[in-house]
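Everything below concerns the one structure shown next.
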Amino acid sequence: MREKFDKIVNSRFGRWADKYINTPWYSAAIAAVCILCHSLNIPVVGACLLTVLLVPALLFCNNSYVLVPFLLMCSFVVSEETMPQTGHYNNVPSILFLCIALACMVLALAFNIVYYGKWKRMFKRAYLTVPISLCSGVLIVGGLFSPTYTTSCLIMALPIALTMYFPYSMMINCGEYKKEKTVTYFAYAMVAVVAVIAAAILHRYAINDFDLTDPKSYCYFGYAGPNTSVAFVVIAIPMTFYLVCKYKHGYLFLLLVALEVLCTIATGSRAAQLVAIPGTLIVMIALCFKIKKGRIGYWIITGIALVGVIAVAILLRGKIVEVFTNMANGNFGDSGRFSLWRQGFAAWKDNPIFGAGLTFLYSTDHWYYSFHCTPLTYLYCAGIIGFAAYVYHRYKTVRLVFSAKLTVGRVFVALSVLAMLCNALLDIAMTSPQHLLYYSIMLAIIEADVLNEKNEKSGSVETVKTSVAIDSESSV
């Protein structure tokens, strides 16, 4: 039986599929499916097409990093009109096709895990296994001895735990890290993510007659609202800058950076703007003194961008002053963040050790992760033990980044993590399962790069299979 599978996997089609899937065109294909099916409100068709794209990756590719584009974009086929609560799937054909697609993916994943021997190492302990498990575990027990604790707390914590741990464990233990090639693959996957979200924003603007008075009221995309969706764009900005540095004429990617910043403005997400706009300017100015390839073009586009920002600032100076005045007065307008934080603090005082649990905010019709601040979410929902676990996790990730000689790829992936964390100080990203897929993948890439640098320093092979887990903290 094994010989028959070997013959299929090593066939001409199998080799072609492996080669194609390991290129940016694979991310582009997934993005195209998402844009098409989201715009036309045909998520079942999208699910089937994504299955057709995913199954060959599971059958013919040993490297687990090829799963990245699918994990990043699989939810993007769901539009505002086809969310589960709309009843869009309440018919036999839709349910049948979705069940068939799910069965195909599960069988292909099982084949991938067994045939390539990943089951032997996919749960090995790596450097961040314990910190990630602690962060997940404290949310599961958060709210114990509190009147608001129910079994729903456990049910809500499980998606957070799974999306934080499994992609990380799969990538770090079963992925084949190929240095710059892997980072570039991830960067192009993030570019594809931006393309899907930008298309969704344009689509929502178009069907609302480009009403600029309150775009945040209609920039809902089914898979996410305006704040949470544009958080993906914020994560993508540093990876776009990585492509700027990678190529001789990479300054052309600055046009994509401009589009990404425009997306944060178009959705009206203040949390995203507070991270994206100053962060982009800082990185651009820093690269002006560091970048060597295509410096003239880079300076020209940077200058044009700065002139544009200054012009916009002058035209919108009244609104900008109003925003900063509200911030100085502790008022975020209608966002209600301070109100949520006061509610959480009052609940936390009643159970400071274990917190109020993830279901506490149900009384205010918000989701369990909507304290809109990661440290406060861990403190209020899981008490002192939750906050301590998050601080420990944060310490370990910072230590990991600087535990080996810095590489360009690791710097920009770490900047993407930083962008996500800064955004999560005013939003939900670090407790949203959808966003945690991005987070766990980025942690795996950072750790794989550290392992690669250490192995190269010790004279190991150039391409490092990251199944070699870190067995002790001292190794990093």
Counterpart residues, side chain to side chain contact (heavy atoms under 4.5 Å, CB included), relative to Ile35 (two or more places apart): Ser39, Val196, Ala199
Residues forming a side chain to side chain contact (heavy atoms under 4.5 Å, CB included) with Leu40, sequence neighbours excluded: Leu36, Ile42
Any side-chain donor near an acceptor of the partner, Asn173 and Tyr168, under 3.5 Å: no
Residue list, side-chain hydrogen bond (donor to acceptor under 3.5 Å, both in side chains) with Tyr378, at least two apart or on another chain: none
Nearest heavy atoms of Leu243 and Phe253, plus distance in Å: CD1-CE2, 3.6 Å
Where at least one partner belongs to residues 19-33, residue pairs that pass side-chain hydrogen bond (donor to acceptor under 3.5 Å, both in side chains), sequence neighbours excluded: Asp18-Asn22
Asn90: partners by side-chain hydrogen bond (donor to acceptor under 3.5 Å, both in side chains), with sequence neighbours left out: none
Partner set under ring-ring contact (aromatic ring centres under 6.0 Å, His included) for Phe402, not counting sequence neighbours: none
With Arg12 via salt bridge (Lys or Arg N to Asp or Glu O under 4.0 Å) - residues at least two apart: none
Partners meeting side chain to side chain contact (heavy atoms under 4.5 Å, CB included) with Arg394 (sequence neighbours left out): Tyr390, Thr397, Leu421, Met430, Tyr439
Pairs meeting criterion side-chain hydrogen bond (donor to acceptor under 3.5 Å, both in side chains) with involvement of residues 41-52, two or more places apart: Asn41-Ser79
Salt bridge (Lys or Arg N to Asp or Glu O under 4.0 Å): pairs with one or both residues in residues 198-207, sequence neighbours excluded: Glu81-Arg204
Residues forming a side chain to side chain contact (heavy atoms under 4.5 Å, CB included) with Leu96, sequence neighbours excluded: Ile100
side-chain hydrogen bond (donor to acceptor under 3.5 Å, both in side chains): pairs with one or both residues in residues 181-192, sequence neighbours excluded: Thr184-Tyr242, Tyr188-Tyr247
